[in-house]
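Accompanying notes for the structure given below.
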Amino acid sequence: MEPETVRLAGDRGFWPACAAAALAFAQRHGLRDETLHRLTVVVPQGAHAQLMREALVRARAGDRPQAWLPPRLATLGAYADAAPADALALVRHAELFAALRAHAWVRANFGEAPAALWALARQIAALADELTLAALDDTRAFAQRFEAVLARHFKRRAARVIEPQAQLVLQLWRALHAGRGASNDAATALLRALRRRAEQAQREPAPLVLVADQPPAGWLRGFVELYSRAAPALLIEADHARAIAARPLLAAAWPELVEASTRAPLAERAAGLHAGAPPLRILATASLEDEASMVAEQVLAWLRAGARSVALVALDRVVARRVRALLERAQVLVRDEAGWKLATTSAAGAVMRWLDLARDDVYWRDLLDWLKSPFTLANVADKSAVVVAIEQAIRAGGALRGARAIGAAVAERAAHSDASSVHSDEAVQLLRTIDAHARAARRGGRTLAEHARTLAAALDALGMRQALALDPVGRAVLDELDALAIALAGDAARVGLAEFRALVAERFEEADFVDRSIESPVVMLSLGATRLRDFDAALLVGADADHLPAASSESLFMSNAVRAELGLATASDRAREQSVAVASLLARVPEVAASWCRRRGTEPNALSPLLDRLRLAHECTGGAALVQRGGRARFEVEAAPGARPAPGAAGLLPARLSASGAQSLVNCAYQFYARHLLGLREPDDVIEEPAKREFGEALHAVLYRFHREWGAQDFDAVPSERLRASLAQHVRTVFAPRVARLPAFLGLQVRCEALIDRYVEWLQRRAREGWHWCAGERAVEAPLALDERRGIALHGRIDRIDADRDGRRQVIDYKARPVTALRQALAEPGEDLQLPFYGLLLALQRASEEAPAESAAYVSLDGTTAARAVVREVVPEQPLPELVDALQARLRRDLQRIADGAPLPAIGAATVCANCEMRGLCRRDYWSAEDGAPPEEQV
Ligand code: SF4
């Protein structure tokens with residue numbers, strides 16, 4: 001028996017006509033209401049099943065309203081019930097990966113890059129599926145044809161470039177079909193399953209209707225013919241050309257789609273037509289943000305007008321994602337049929353970050369990213385405190401790489417600070433677990449299956465499985481990893497962690513997450529998925545020349561000419577499919593719009609050539625312009641400049657104040673409020689490249705060690721070479737552990753050594769002037785009394801205190817800055833507080849019997865080479881006691897005002913604001929610095 005074939009216009013009447021044809025067919029073959037369930041209707045997409053079901057119900061309701069048993073509706077995959085294509089693909093990718101690694105041409109061109117090899121394996125697997133379907137059951141004959149085509153094509157010199165690739169595909173495809181690989185071939189599995197269906201029909205003949213949304217490929221037509229030998233079969237083909245031809249303007253724009261002559265120019269084809277309603281509106285904007293905004297507004301307008309189904313055709317996924325975000329902000333959810341790649345989700349990101357950690361020996365940046373992911377450490381009770389303990393140890397310069405080293409840094413920091421030992425112990429324990437699993441993951445010479453098992457064990461031990469299982473996307477990630485583990489269970493190829501990681505990345509890139517819980521009238525889908533679907537309105541998002549038609553990816557393995565001879569789809573076939581999809585959409589959907597961003601950055605961005613043809617055709621009929629220029633809706637708002645903030649903080653006066661806190665109070669009351677009263681701080685930068693701060697710390701350590709060795713020695717009486725040798729030894733001692741941790745410290749060591757000669761000269765000159773060293777790194781704390789028995793403790797660490805022959809003391813502060821910069825800082829009396837603050841500390845400390853300091857100086861230690869080195873003191877012009885008295889009065893007054901609730905305005909000078917981390921908080925750039933000086937009662 002031959003299969004029956006019906007061609008129905010692919011317009012809005014398609015499904016009702018399809019239902020009527022299916023029912024008539026069933027009736028012809030003896031099916032009644034009570035036996036109609038024996039009929040199977042195979043539809044192209046899952047969404048079509050619902051449309052067919054509704055059409056069947058409507059078709060029957062008119063005739064016979066009594067109960068009936070509806071036919072079975074299924075997609076081809078569900079009907080064939082073949083093994084899941086994804087699982088088969090994984091096994092085959094692994095086999096192809098192993099084969100590619102061993103191939104000389106691949107090694108020569110791609111080296112050992114695992115990501116590229118997995119991508120190649122995926123491409124070849126897809127190509128092999130196409131070849132298998134094109135070969136039908138005769139692989140031997142097809143392979144011979146393939147060889148003959150290659151021989152013919154590669155005679156031409158220009159084509160020889162891709163001969164090795166094409167031969168590689170043929171060789172691998174043959175190998176797949178010769179060995180056990182054929183069982184892992186999704187196309188073979190599908191063909192086999194369909195054959196089983198046809199055999200089943202011989203035993204239990206049941207009528208079959210197969211609906212095709214485009215001309216069926218040879219293998220599908222072959223199946224229907226095979227089936228029809230055993231049982232009645234009806235092939236219903238959608239005739240898009242008829243639907244398009246019914247709209248003369250569409251036929252004029254795309255004559256090739258309706259088999260009309262393309263000889264006449266477009267203007268001529270359209271000239272005789274009446275100007276009708278525009279077939280679509282093209283929303284042209286100047287930026288992607290405007291484009292997304294305009295699309296969202298259009299969708300909202302359609303919904304407000306009563307549209308019950310709106311299709312967002314995501315030609316440009318970037319713009320489409322932005323549109324979805326804007327609609328969600330307007331409380332309109334979008335059902336995304338295509339979903340989004342797992343690779344773009346944070347759940348998959350956490351798994352990838354773990355593999356990065358394992359591969360790169362626990363690098364600090366990956367570690368912090370991973371620790372802060374919500375998909376890790378669900379088994380750690382106080383995760384945030386543990387993470388803080390680890391982060392602080394890293395930021396304090398403990399260690400940058402290696403779980404053991406970072407664990408040691410955490411333990412050391414806990415021993416030298418008041419950090420919680422419980423959380424530090426937990427952190428150390430966690431880092432041991434991380435270390436064990438990272439080492440296990442790195443162990444070489446293992447199979448993909450062993451890598452998958454090691455990853456699964458890490459997910460369990462590190463609380464990732466638990467955390468991922470609580471989230472829908474996380475569950476999809478776990479499903480993907482479980483499928484990977486099952487599919488790879490029998491694979492024996494030995495690979496490294498980098499290869500396994502590349503495979504996981506590839507899987508996450510391939511797999512989509514579709515949130516099926518969303519019910520919404522707005523559906524986001526691909527252009528292909530719009531075929532034979534009815535919507536009240538549709539919007540082509542991103543209809544520019546780059547996205548419509550979408551360029552088919554360049555085939556590395558086969559030219560279009562070879563593909564055409566082998567009966568595989570070519571680039572022009574794919575372009576035509578897209579033209580049909582657009583024209584059919586316009587023929588079926590009453591309201592269609594397209595968005596077009598006219599510029600990409602500074603470059604013009606052309607409109608899709610498909611739509612441009614339609615635009616020209618419509619204009620030739622004398623119709624109104626299709627392109628509407630627009631942008632985001634604009635609203636009038638009254639200008640309201642921000643106000644300079646001036647909060648009160650009466651209850652927040654701190655118990656202690658350092659020199660930098662006092663300096664902040666003088667620089668800007670708001671900065672003091674944010675930094676010292678609210679305790680807001682930027683975390684310390686992790687030192688990957690030591691710079692000024694690290695140099696200063698090391699220099700201070702060197703000088704402290706040196707002066708502790710020599711004490712109050714008269715340096716003028718010591719040979720300078722002894723002093724230089726001693727200083728050099730201390731430099732080496734201080735820098736050795738730093739250089740071991742970070743080799744970049746070597747540069748700073750050289751810079752420190754360059755200062756030795758000048759420093760010794762300076763010391764000996766000071767000694768001749770009568771100065772000797774008294775103390776170094778002196779920690780001092782002293783109370784400053786305020787009103788009403790309130791007080792505050794001032795504290796600081798003084799670099800050095802010297803004394804002269806008469807016992808007069810001088811406070812010294814080392815600075816790795818040029819003399820000019822220090823002079824500049826001291827130019828405004830009372831504005832640079834550090835030296836007066838130390839003077840005040842010494843003056844206020846009660847327990848001491850020492851005399852207060854009578855003078856103070858910065859010592860500039862500057863220069864990167866010995867020739868340029870400068871060591872010189874810079875002394876404030878005003879006497880220290882005078883500066884100390886002024887500072888004491890100022891601090892008392894300002895701190896008292898804060899305690900009394902006076903406002904703390906943002907009053908930083910431009911130079912201070914330029915380096916202030918609170919600039920975003922005080923919104924310095926959003927109010928005017930000239931909006932009035934702060935009143936007297938403000939701090
Ligand atoms: S940016 Fe300027 S005004 Fe703002 S807090 Fe910092 S110093 Fe003050």
Side-chain angles (χ1 to χ4, degrees), residues 395 639-685 691-693 696 784 786 792 794-796 813 815-818 820-838 840 858 876 883 886-939:
R395 291 195 184 281
R644 183 198 293 264
L652 295 179
L653 199 65
R656 301 171 87 226
L657 183 70
S658 65
S660 63
Q663 187 70 58
S664 175
L665 180 59
V666 169
N667 286 348
C668 171
Y670 188 89
Q671 187 193 69
F672 177 75
Y673 161 78
R675 266 190 203 165
H676 299 278
L677 303 189
L678 297 184
L680 304 177
R681 295 254 165 110
E682 281 186 325
D684 291 340
D685 284 340
K692 226 157 69 180
R693 189 185 85 188
L784 177 72
L786 305 178
I792 188 168
L794 307 184
H795 70 102
D813 195 75
K815 294 282 182 212
R817 291 167 63 192
T820 46
L822 294 173
R823 285 205 181 118
Q824 222 169 344
L826 293 174
E828 191 66 38
E831 288 304 302
D832 187 284
L833 295 191
Q834 194 170 5
L835 295 175
F837 189 88
Y838 292 156
L840 179 59
Y858 286 131
L883 290 171
L887 174 64
Q888 180 166 201
R890 184 172 189 173
L891 284 181
R892 278 219 168 94
R893 187 193 65 208
D894 289 353
L895 292 169
Q896 185 61 52
R897 280 184 176 171
I898 293 172
D900 293 343
L904 295 151
I907 47 165
T911 46
V912 178
C913 296
N915 297 313
C916 176
E917 75 281 16
M918 300 301 163
R919 199 176 178 112
L921 193 66
C922 79
R923 316 235 349 122
R924 177 68 187 81
D925 301 305
Y926 297 91
W927 43 264
S928 165
E930 285 79 40
D931 68 349
E936 260 305 289
E937 66 276 11
Q938 294 181 344
V939 176

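All ligand and atom numbering here is 1-based and tracks the order in the structure.
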Ser658 meets the side-chain hydrogen bond (donor to acceptor under 3.5 Å, both in side chains) criterion, sequence neighbours left out, with Ser660
Any side-chain heavy-atom pair from Arg681 and His676 closer than 4.5 angstrom? yes
Given side chains that start at C-beta, do those of Ile792 and Leu891 come closer than 4.5 Å, heavy atoms only? no
Across all chains, not counting sequence neighbours, the side chain to side chain contact (heavy atoms under 4.5 Å, CB included) partners of Gln824 are none
Holding to side-chain hydrogen bond (donor to acceptor under 3.5 Å, both in side chains), I want the full list of residues that pass it with Arg823, two or more places apart in sequence or in another chain. none
For atom 4 (Fe) of ligand 1, which protein N/O/S atoms fall under 2.8 Å? Skip waters. Cys922 SG
If we check side chain to side chain contact (heavy atoms under 4.5 Å, CB included) with Leu904, which of these qualifies: Ile898, Leu652, Asp894? Ile898
